[in-house]
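Read through the structure below, which is laid out as structure tokens, and then see the notes.
Numbering starts at 1 and runs along the sequence shown.
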Amino acid sequence: MSPNGTPTNITWHDGNLSRDERESAAGQKGVTIWLTGLSASGKSTIACALEQHLLHQGIIAYRLDGDNIRFGLNKNLGFSPEDRTENIRRIGEVSKLFADAAIVAITSFISPYREDRDSARKVHDAANLPFVEVYVDAPLEVAEQRDPKGLYKKARAGQIKDFTGISAPYEAPANPEIHIRTDQSSVEEAAQQIFDYLSEKGLIVRRQKN
């Protein structure tokens, strides 16, 4: 075992397909769209709308949702700073695999720490895969008014510890590719804003299959 915890008796095995071949066969490019923001900011709702819109355009996309992932892959993680970091590390790796498979990966995670989100970006950069950070911005008072799960109310009452925005910090993105104010935009407008950005950057151009 190396000092960073990586086993020393493993070897990376490259496959027989290049990324160009994979994208050509799929007829599209892979990209990770990383939605970050407070609980109840609208991340999951926008992610669902965007996934549906992309699929209707013939673009294969898959949504990785913060709560859903904790039912399976990350069910052994809590909400301590260390567990939050590991949660995002795993999702950064998983979304990279989706993007490498020429799928549009849409992640919706609070991902409160800027360093963790930057680490996810670096994983993609190292693999030469596009990473689009989307700041789903809702003022705390707006998120608390929505509070569909009643989490803010419980956090204010001290029933939930380490709750982002109340008893744990949220570090807003410094330079996100996309900034959405969900107190000023509808779900449909937000999804369209992301779709338009991806189109303008040539990230979701349909390619002719061989």
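Judged by distance alone, with hydrogens and angles left aside, the side-chain atoms of R90 form a donor-acceptor pair with the main-chain N or O of L73 at under 3.5 Å. For the pair R114 (side chain) and A172 (backbone), a donor-acceptor distance under 3.5 Å is present. Under a 3.5 Å cut-off, the side chain of D83 and the backbone N or O of L77 do not form any donor-acceptor pair. Between the side chain of S185 and the main chain of T182, no donor-acceptor pair closer than 3.5 Å is present. Checking side-chain atoms of E21 against main-chain N and O of S18 turns up a donor-acceptor pair under 3.5 Å.
Between V94 and I69, every side-chain heavy-atom pair lies at or beyond the 4.5 Å cut-off. Side-chain contact between Y152 and I166 is present, with heavy atoms from C-beta onward closer than 4.5 Å.
Screening residues 30-48 for side-chain hydrogen bond (donor to acceptor under 3.5 Å, both in side chains) gives T32-H124, W34-S111, T36-S111, T36-Y170, S44-D65 as the qualifying pairs, with residues at least two apart or on separate chains. The stretch residues 193-204 participates, sequence neighbours left out, in these side-chain hydrogen bond (donor to acceptor under 3.5 Å, both in side chains) pairs: Q192-D196.
Partners of E115 according to the side chain to side chain donor-acceptor pair (under 3.5 Å) rule, which considers only residues two or more places apart in sequence or in another chain, do not exist here. Residues passing the side chain to side chain contact (heavy atoms under 4.5 Å, CB included) test with E93, sequence neighbours excluded: R89, K96, V123. Residues satisfying the side chain to side chain contact (heavy atoms under 4.5 Å, CB included) test with K154, not counting sequence neighbours, are Q159, I160. Scored by the side chain to side chain donor-acceptor pair (under 3.5 Å) test, N87 finds N74 as partners (sequence neighbours excluded).
Across every non-hydrogen atom of V31 and A99, the tightest pair is N-CB, 3.8 Å. The two residues R181 and P139 come nearest to each other via the heavy atoms NH2-CG, 3.8 Å. Scanning all heavy atoms of the two residues, the minimum distance from L140 to R156 falls at CD2-NH2, 4.2 Å.
Remark: E23 does not engage K29 in a salt bridge, criterion side-chain N to carboxylate O under 4.0 Å.
A parallel orientation is assigned to the rings of Y62 and F98, their planes being inclined by less than 30° (bins at 30° and 60°).
Grouping the Ile, Leu, Val, Met, Phe, Trp and Tyr side chains by contacts below 4.5 angstrom, directly or via other members, places L203 with V134. By the criterion of side-chain heavy atoms lying less than 4.5 angstrom apart, applied directly or through intervening Ile, Leu, Val, Met, Phe, Trp or Tyr residues, L54 is grouped together with I194 in one hydrophobic cluster. With hydrophobic clusters built from ILVMFWY side chains whose heavy atoms lie under 4.5 angstrom apart, L129 does not share a cluster with L97.
Of the inter-residue distances, the one linking F109 atom CZ with R70 atom CZ reads 8.5 Å to the nearest 0.5 angstrom. Separating the CG atom in L198 from the CD atom in E177 is a distance of 10.5 Å, to the nearest 0.5 Å. If you take OG on S108 and CZ on R63, they are separated by 6.0 Å, rounding to the nearest 0.5 Å. Distance check, rounded to the nearest 0.5 Å: CZ of F131 to CZ of R121 gives 5.5 Å.
Between the side chains of T164 and R84, a donor-acceptor pair is found at a separation under 3.5 Å.
Counting non-hydrogen atoms of neighbouring residues, nucleotides and ligands closer than 6.0 angstrom, the CG atom of N128 reaches no more than 12 such neighbours.
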